[in-house]
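Let me begin by presenting the structure, written as C-alpha cells, before commenting on it.
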Amino acid sequence: MSSPDVRGNEKDLAEKSNGSTDVIEAENGAALPHHDLKRQLKNRHIAMISIGGVIGTGLFLGTAGSLQAGGPVGLLLGYIVVGTMCYSVMVSLGEMVAYLPLPGGHIRLAERFVDPAFSFTMGWNYWYNWTIILPAELSAAAVLINLWIKSTTVNNAVWITICLLVAVAINLLGAGAYGEAEFIFASIKVLTIIALIILGIVLDLGGGPNHDRIGFRYWKHPGPFNQYHGISGAKGRFLAWWAVMTQAAFSFIGTEITAIAAGEAKNPRRNLPKAIRRVYIRILLFYIGGVVVIGWLVPYTDPDLNLTENNAAKSPFVIAIKHAGIGGLPHVINAALLTSAWSAASSDLYTSSRALYGLAMVGNAPKIFTLTTRRGLPYVSVAFCSAFAFLAYMGVKDGSGKVFNWFANMTSVAGLLTWFGICVTYLRFYAGAKKQGLDRSKLPFASPLQPYAAWYAAFMCLTVCFFSGFEVFLKDSWKTDTFVTNYLPLILFPILYAGAKWWRRDPIVKAEDMDFYSGLEEVEAASYDEPPPRNWMERFWGWLM
C-alpha cells in the first residue's frame with residue numbers, strides 16, 4: 001500500500017507533468033532536460049485508434065496467404081479462434097490500463113505487478129514487435145502500388161521511401177497530429193471495410209455486372225478446406241486451419257495500442273474503458289465479417305493469392321471485384337487500402353517510439369530516449385525507430401510480397417508473446433487486488449470473465465507460438481527463412497528474461513507488496529465528467545465516440 005511519502009512524490013510528479021521541465025541523469029552523469037508526454041489524444045482519437053487504428057494490411061492483404069493455405073472455412077475458424085484470444089487479452093489489459101493509464105502501458109504495469117526483469121523482457125519484445133512491423137507495412141504498401149505500376153517500371157524503393165516519409169512526418173508533428181491523422185485514416189478504413197462487406201454480400205447474391213450468383217460455390221468447389229501440402233484426410237484439413245493462426249494473429253496484433261496511447265489520452269478514466277468495451281465490434285464486424293466475404297468470393301486456388309511472387313500479390317477484395325467485372329472500382333479500393341498501409345505504418349512508428357520511451361523511463365534503455373520537446377514529442381525515440389524502416393528495402397531485391405511474409409511471421413510471434421505477457425501481468429494484478437482487498441467491481445472497467453479469460457489467452461498464445469512454424473518440419477518442406485522468422489522471437493523471450501533476472505537480481509513482486517496507488521493522483525486530475533449532450537446529434541456523437 002502507498003505511504004504518505006509516496007503520495008507526496010505523486011504530487012510532485014503531477015506538478016512536473018503539467019508543463020515544467022524535469023532533469024534526468026544520463027549514463028555518463030550529464031544532466032538531460034526532460035519534458036513529460038502530454039495528454040493530447042481526444043476521445044474521438046482514442047475511439048478510432050481502438051476501432052480502426054490497426055485494421056490494415058493484415059486483413060486487407062495478408063488474408064490472401066491465409067485463404068490460399070486454409071481454404072474458406074479454415075480461414076474463418078482461424079480468425080474466430082484468434083478473435084477469442086484477442087478479446088480475452090483486451091479485457092485483461094483494459095482492466096489494468098483503465099485503472100492506471102501510465103506512459104508505457106503494460107510495460108510499466110509488468111514492473112509493478114510481476115518484476116522488473118519481466119518488464120524489461122516485455123518492453124524490448126514489444127519494441128521489437130512494432131519496429132519489425134513497420135517495414136512489413138511499407139513492403140505491403142509497395143505491393144499494393146504494384147497493381148498500378150509494376151516494379152520493373154518504377155523500383156519499389158520509390159514507394160517505400162514515400163510511405164516512410166509520410167509516417168515519419170506525421171509522428172514528428174506530435175501525438176495530437178498523430179491522433180488527427182489516425183482519426184482520418186481509421187475513418188477511411190472503417191468505411192472501406194464496411195463498404196467491402198456490403199459489396200461482397202451483393203456480389204455473392206448475384207448483384208454484380210455479370211449477375212453471377214456465387215452463394216457458397218467455393219465452399220463446395222474447390223472445397224471448404226485446403227488439404228495442406230497435399231496431406232489427405234482430417235490431418236491435412238487440421239493443418240490447413242492451423243496454418244491460418246499465425247497470419248490471423250498478425251491481423252489482430254495491435255489492439256493493445258490503446259494501452260501505449262493511455263499515457264497521452266485525455267480523460268483516460270472515461271475514454272479508455274469505452275474503447276476497450278468496443279473491441280468485440282471490431283472482431284465480429286470487421287475481421288469475422290471480412291473473412292466470411294473473402295471466403296465466399298475468392299477460391300483458395302486463385303493464383304493471384306500468391307504473395308511470394310513479386311507483383312502478383314493483390315488484396316482478396318480487389319481480386320473479387322475484378323472477377324465480378326466491375327471496372328474502375330478495384331483501383332478505388334486499392335487506393336483506400338493504400339491509405340490503410342500509411343495509417344498502419346504511422347501507428348507502428350508511434351507505438352515503437354513510445355515503447356522505447358517507456359523502457360528508458362524505467363531504466364531499461366539509455367536515458368537519451370526520454371528526451372522530449374516542450375510539446376511532449378520523444379524525438380530521439382522517433383528518430384531511432386524510424387531507422388529500422390530501411391529493412392523494407394530488402395524487398396527491392398527479393399520481392400516486397402516475400403519480405404512482407406517474413407516480417408509478418410516475426411511480428412505475429414512477437415505480438416503473441418506480448419499478449420502472453422499481458423495475461424501474466426493481469427493474473428498477478430488479479431492476485432494482488434484480491435490480497436489487498438481492492439474491490440474490482442469499483443474499477444473503471446472490470447470483466448466478469450476473469451481470471452479465466454486471462455488463463456485461456458495465455459495458454460493459447462504460447463501454443464500458437466510453439467507450433468507457428470510447423471510447416472518446416474513436414475517432409476521435404478524445410479525453409480530456413482520460415483524457421484528463423486517464426487522461432488527467433490520465441491527463443492529470444494526467455495533468453496531476455498533469464499538474462500535480466502540474472503543481472504538485476506530482483507525478486508518477483510509479492511501480492512501484498514504490489515503498488516496500486518502511485519500515479520493515481522495525476523490520472524484522477526486528468527479525468528473529468530463529460531458535459532451532457534445538448535441535442536440528439538451530440539448524443540449520437542457521444543455514443544459513437
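Throughout, residue positions are numbered sequentially from 1 according to the sequence presented.
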With rounding to the nearest 0.5 angstrom, report the [atom1] to [atom2] distance, [X] to [Y].
X    : Y    : atom1 : atom2 : value
L371 : S381 : CG    : OG    : 8.5 Å
N171 : L377 : CG    : CG    : 8.0 Å
M85  : F420 : CE    : CZ    : 12.0 Å

According to side-chain contact (heavy atoms from CB on, under 4.5 Å), who are the partners of [X], at least two apart in sequence or on a separate chain?
X    : answer
A248 : Y79, V82, V244
A360 : A365, F369, T370
L77  : V73, F225, W241

The criterion is side-chain hydrogen bond (donor to acceptor under 3.5 Å, both in side chains); which residues satisfy it with [X], sequence neighbours excluded?
X    : result
N125 : T418
T463 : none
T161 : Y393
Y379 : none

Once ring pair (Phe, Tyr, Trp, His ring centres under 6.0 Å) is applied, do any residues pair with [X], and if so which ones, sequence neighbours excluded?
X    : answer
F388 : W127, F384
F113 : F429, F516
F483 : W478, Y487

Could you tell me whether a side-chain N or O of S66 sits under 3.5 Å from a main-chain N or O of T63, the two making a donor and an acceptor? no
Using the ring centroid of each side chain, check whether Y126 and H106 are separated by less than 6.0 Å. yes
E95 meets the salt bridge (charged side-chain N to carboxylate O under 4.0 Å, His left out) criterion, sequence neighbours left out, with R440
Taking only residues two or more places apart in sequence, or in another chain, which ones meet D115 in a salt bridge (charged side-chain N to carboxylate O under 4.0 Å, His left out)? K501
Working note: I321 + L196, criterion side-chain contact (heavy atoms from CB on, under 4.5 Å); need CA distance, chi angles, decisive distance, verdict. CA-CA 9 Å; I321 294 169; L196 287 172; 4.1 Å; yes
